[in-house]
2 protein chains.
Amino acid sequence: MIFNRTTEYAFRIMSFLASDKEKLHNTSDIFDALHIPFRYLRKQMTVLTKTGLVVSIQGKYGGYMLAKKEKDITLWDIVIAMHDKLFETNCFFGYEKCALSQHCMMHSRWAGVKEMIENILKTTTLEDFKKENMHDLIKMSDQ
Amino acid sequence: MIFNRTTEYAFRIMSFLASDKEKLHNTSDIFDALHIPFRYLRKQMTVLTKTGLVVSIQGKYGGYMLAKKEKDITLWDIVIAMHDKLFETNCFFGYEKCALSQHCMMHSRWAGVKEMIENILKTTTLEDFKKENMHDLIKMSDQ
DNA sequence: TATAAATAATACCTAAAGGTATCATATATG
DNA sequence: CATATATGATACCTTTAGGTATTATTTATA
């Protein structure tokens with residue numbers, strides 16, 4: 001598990017919302033599709049709302065939808081919104097100062113890993129997760 | 001922090017032991033060099049001993065040394081010994097079944113990341129962390 | 001053989017992530 | 001305007017990783 005569980009949940013939720021942008025999805029819809037623990041999902045939806053990634057409509061027939069177009073939301077945006085600590089330190093050994101002065105043997109190799117991950121996250125948008133692809137994925141996890 | 005803290009500690013400890021294989025290092029030596037919380041370090045040294053990565057000598061003037069030659073201990077061995085959950089799931093979204101049936105949009109890209117990390121860990125041995133390099137690194141983190 | 005100095009074993013404590021429960025607030029519609 | 005059904009806020013519970021404390025065991029050597 002490279003990302004923490006909450007970040008993975010956010011990926012799933014945002015991808016699901018992207019799969020059918022027109023409709024407003026309430027928590028039960030999302031729960032039925034993704035089976036994230038219901039009350040935790042409720043809480044996380046308000047977090048996603050506060051970060052500005054989704055827009056909520058309160059009251060009867062309310063729900064959630066993406067705040068921006070799919071192509072304008074990257075996976076990187078989601079990681080940042082979830083405050084995932086993955087990108088907190090740069091040093092392979094977790095040394096704070098490693099990046100600032102002389103580099104250790106691992107440094108360049110590890111920098112390559114982080115760069116690759118960052119690059120994937122920054123260039124992948126929710127546009128890449130629309131329709132069939134997402135539904136297939138959800139069905140699979142359900143088996 | 002891609003690896004958990006305990007795994008990072010293990011990387012530091014094993015690298016330190018590799019930096020001067022002849023001498024037997026006791027917990028105080030390792031603590032003076034790495035400043036891992038002393039009592040936690042004590043505990044972790046016995047874990048490393050039980051996994052077979054290090055050999056301990058009990059009694060007065062006892063301590064720890066690598067169980068094998070530096071070139072025969074990879075970073076991968078250390079990750080496995082620490083039961084790091086990094087490589088537990090393969091799916092970007094954390095879906096258990098993803099790898100087994102149809103693959104999601106992220107799958108090949110993410111498989112590339114994991115493969116790159118695994119490759120680095122499996123091909124880097126403690127031989128790469130000997131002498132000056134390690135001492136410099138430790139000094140840096142101390143500032 | 002007594003002692004000092006090391007590791008081993010075990011139990012407990014703490015902080016953070018993940019998850020649950022309850023009550024408050026918003027709003028469409030009869 | 002009452003009600004049903006949605007989200008918002010808040011407090012609390014649980015699990016796990018990380019860290020601490022205490023006692024037991026080992027062993028070199030005076």
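The chains referred to below are lettered A, B, ... by the order of the sequence lines, with proteins before strands, and numbering in each begins at 1.
Legend: residues meeting salt bridge (Lys or Arg N to Asp or Glu O under 4.0 Å) with A:K122, ordered by chain and number and at least two apart, are A:E118. Residues passing the side-chain contact (heavy atoms from CB on, under 4.5 Å) test with B:D84 are B:F3, B:N4, B:T7, B:V79, B:L86, sequence neighbours excluded. Scored by the side-chain contact (heavy atoms from CB on, under 4.5 Å) test, A:R42 finds A:T27, A:F38 as partners (sequence neighbours excluded). Contacts of B:W76 classified as ring pair (Phe, Tyr, Trp, His ring centres under 6.0 Å), with partners at least two apart in sequence or in another chain: B:F87. Under the side-chain contact (heavy atoms from CB on, under 4.5 Å) criterion, A:T49 pairs with A:V54, A:S56, A:Y64, not counting sequence neighbours.
Taking atom CG of residue B:D84 and atom P of nucleotide D:dA17, one finds them 10 Å apart after rounding to whole Å. Taking atom CE of residue B:M82 and atom C1' of nucleotide D:dA17, one finds them 13 Å apart after rounding to whole Å. Between the CD atom of A:Q44 and the P atom of D:dG8 there is a distance of 13 Å, rounded to whole Å. Taking atom CZ on A:R5 and atom C1' on D:dT14, their separation rounds to 13 Å, with Å as the unit. For the pair B:L41 CG and D:dT20 P, the interatomic distance rounds to 11 Å; values are reported in whole Å. Rounded to a whole Å, the CD1 atom of A:I30 is 8 Å from the P atom of D:dT7. Regarding A:I57, its CD1 atom lies at a distance of 10 Å from the P atom of D:dG8, rounded to whole Å. Note: OH (B:Y40) to C1' (D:dT16) measures 11 Å, nearest angstrom.
The outermost nucleotides of DNA chain C lying under 4.0 Å from heavy atoms of chain B, listed 5' to 3', are C:dA4 to C:dA11.
Not one side-chain nitrogen or oxygen of B:Y9 sits closer than 4.0 Å to the OP1 or OP2 atom of D:dA17. Side-chain nitrogen and oxygen atoms of B:K43 include none within less than 4.0 Å of the OP1 or OP2 phosphate oxygen of D:dG18. When the side-chain nitrogen and oxygen atoms of B:R39 are compared with OP1 and OP2 of D:dG19, none of them lie within a distance under 4.0 Å. A close approach under 4.0 Å does occur between a side-chain nitrogen or oxygen of A:T27 and OP1 or OP2 of D:dT7. For the pair B:N4 and D:dA17, the criterion of a side-chain N or O lying under 4.0 Å from OP1 or OP2 is not met.
Residue-level contact check: B:F38 touches neither bases nor backbone, having no heavy atom under 4.0 Å from any strand. Nucleic acid contact class of A:T6 (heavy atoms, under 4.0 Å, all strands): sugar-phosphate only. Within 4.0 Å (heavy atoms only), A:S28 reaches no atom of the nucleic acid at all.
To the nearest 0.5 Å, atoms CE (A:M82) and CE (A:M14) are separated by 8.5 Å. Note that OG1 of B:T74 is 10.5 Å distant from CG of B:D128, once rounded to the nearest 0.5 Å.
One cannot find a donor-acceptor pair under 3.5 Å joining the base of D:dT3 and the side-chain atoms of A:K60.
Nucleotides of DNA chain D nearest to B:K85 and B:P37 differ in position, and the one nearer the 5' end is that of B:K85. Along DNA chain D, the nucleotide closest to A:G62 and the one closest to B:G59 are compared, and the more 5′ of them pairs with A:G62.
Paired with A:W110 under the rule ring-ring contact (aromatic ring centres under 6.0 Å, His included), one option of A:F92, A:F93, A:Y95 passes, and it is A:F92.
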